[in-house]
J.: 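Structure in C-alpha cells, see below.
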Amino acid sequence: QVQLVESGGGLVQAGDSLRLSCAASGRTFSAMGWFRQAPGKEREFVAAIRWSGARTSYADAVKGRFTISRDNAKNTVYLQMNSLKPEDTAVYYCAIANVGYASSWLSEYDYWGQGTQVTVSS
C-alpha cells in the first residue's frame, strides 16, 4: 500500500522560509512532485523530481525560490521554499507519479498525501 505523509507547513511572514517533507512508503523508483491548492482555485503544479534526482522541473511562479530534492535512502522528498510570498498560501500536496520523468501533469500522479497548510502573511 502506497502512503505519503507531508509535514513542515505553518504560518510565516513574507520573505521567510519553510521546508516541507514528504515521507513515502510502498513504491520506489518513481518520480515525485509537489502541488498546491489555494481556496477557490484549481490544484496546480509546483515542482517535480525524477527518482534519480538528476532532473527537476518547476512552475514559473516558484523558479529561483523553491528547491525540490529527495533522499531515496529515507524515501523522502523535500520542498525548500525561500522568499515566500502571500500568494504562496495554499495547501501543499506531495504525490507519486506513474511516469519516470519529472512531470508537471496532475493526471500523471496517482497517489497523494493528505496535504499540509502553508500560510504566508504580508
J.: Going only through I, L, V, M, F, W and Y residues with side-chain contacts under 4.5 Å, is there a path from L84 to V91?
T.: no

J.: CZ/R36 to CD/E87 distance, rounded to the nearest 0.5 angstrom?
T.: 8.0 Å

J.: Is it the case that the side chain of R65 and the backbone of A61 share a donor-acceptor pair, with hydrogens and angles ignored and the cut-off at 3.5 Å?
T.: yes

J.: Return the CD to OG distance between Q80 and S69, rounded to the nearest 0.5 Å.
T.: 8.0 Å

J.: Could you measure the distance from the CD atom of Q114 to the SG atom of C94? Nearest 0.5 Å is fine.
T.: 7.5 Å

J.: What I want to find out is whether D88 reaches K85 closely enough, with some N-O distance under 4.0 Å, to be called a salt bridge.
T.: no

J.: So, does N72 use its side chain to make a donor-acceptor pair with the main chain of S52 at under 3.5 Å?
T.: no

J.: Donor-acceptor pair, distance only, cut-off 3.5 Å: does the side chain of T76 make one with the backbone of K74?
T.: yes

J.: Between L79 and F66, is a side chain to side chain contact (heavy atoms under 4.5 Å, CB included) present by the stated rule, with each step listed?
T.: CA-CA 7 Å; L79 185 68; F66 291 12; 4.2 Å; yes

J.: Compute the centroid of each ring, for Y109 and then for F35, and state whether the two points are separated by less than 6.0 Å.
T.: yes

J.: Checking the side chain of T119 only, and the main-chain atoms of L11 only, is there a donor and an acceptor separated by less than 3.5 Å?
T.: no

J.: Distance to the ring centre below 6.0 angstrom and angle to the axis at most 45 degrees; does that hold for R43 and Y93?
T.: yes

J.: Considering non-hydrogen atoms only, spot the tightest contact between S83 and S17 and give its length.
T.: N-OG, 4.3 Å

J.: Just by distance, with hydrogens left out, do Y78 and R19 show a side-chain donor and acceptor under 3.5 Å apart?
T.: no

J.: If every non-hydrogen atom of A38 is compared with every non-hydrogen atom of A90, which pair is closest and at what distance?
T.: N-CB, 3.8 Å

J.: Any chain of hydrophobic side-chain contacts (each under 4.5 Å) joining I68 to F45?
T.: no

J.: Do W34 and E6 pass the side chain to side chain contact (heavy atoms under 4.5 Å, CB included) test, and can you show the C-alpha distance, the side-chain angles, and the key distance before you say yes or no?
T.: CA-CA 10 Å; W34 286 96; E6 300 106 332; 3.9 Å; yes

J.: Taking all non-hydrogen atoms of both residues into account, name the closest pair between L4 and A24 and its distance.
T.: CD2-CB, 3.4 Å

J.: Roughly how far apart are N82 CG and L18 CG, rounded to 0.5 Å?
T.: 9.5 Å

J.: Counting distance only, does the side-chain N/O of S30 pair as donor-acceptor with the main-chain N or O of I96 below 3.5 Å?
T.: no

J.: Which heavy-atom pair separates G100 from A31 by the least distance, and what is that distance?
T.: O-CB, 3.8 Å

J.: Look only at the side chain of T56 and the backbone of I49, and say whether a donor-acceptor pair between them is shorter than 3.5 Å.
T.: no

J.: What do the steps show when you test Q37 against E44 for side chain to side chain contact (heavy atoms under 4.5 Å, CB included), and what is the final call?
T.: CA-CA 6 Å; Q37 188 165 19; E44 64 176 8; over 6 Å; no

J.: Under the side chain to side chain contact (heavy atoms under 4.5 Å, CB included) criterion, do Y58 and V46 qualify, and how do the steps go?
T.: CA-CA 6 Å; Y58 296 92; V46 175; over 6 Å; no

J.: Taking all atoms of both residues into account, what is the closest heavy-atom pair of A102 and S57, and its distance?
T.: O-OG, 2.9 Å

J.: Flag yes if M81 and V62 sit in one hydrophobic cluster, no otherwise; membership is Ile, Leu, Val, Met, Phe, Trp, Tyr, and two members link when side-chain heavy atoms are under 4.5 Å apart.
T.: yes

J.: Please name all residues satisfying side chain to side chain donor-acceptor pair (under 3.5 Å) with Q3, sequence neighbours left out, ordered by chain then number.
T.: none

J.: According to a 4.5 Å side-chain heavy-atom criterion applied to Ile, Leu, Val, Met, Phe, Trp and Tyr, with indirect links allowed, do W112 and L20 form part of one hydrophobic cluster?
T.: no

J.: Whether the Y101 and E108 side chains hold a donor-acceptor pair (N or O, under 3.5 Å, no angle test) is what I'd like checked.
T.: yes

J.: Decide whether V77 and W51 are clustered together by the hydrophobic rule: side chain heavy atoms of Ile, Leu, Val, Met, Phe, Trp, Tyr closer than 4.5 Å, transitively.
T.: no

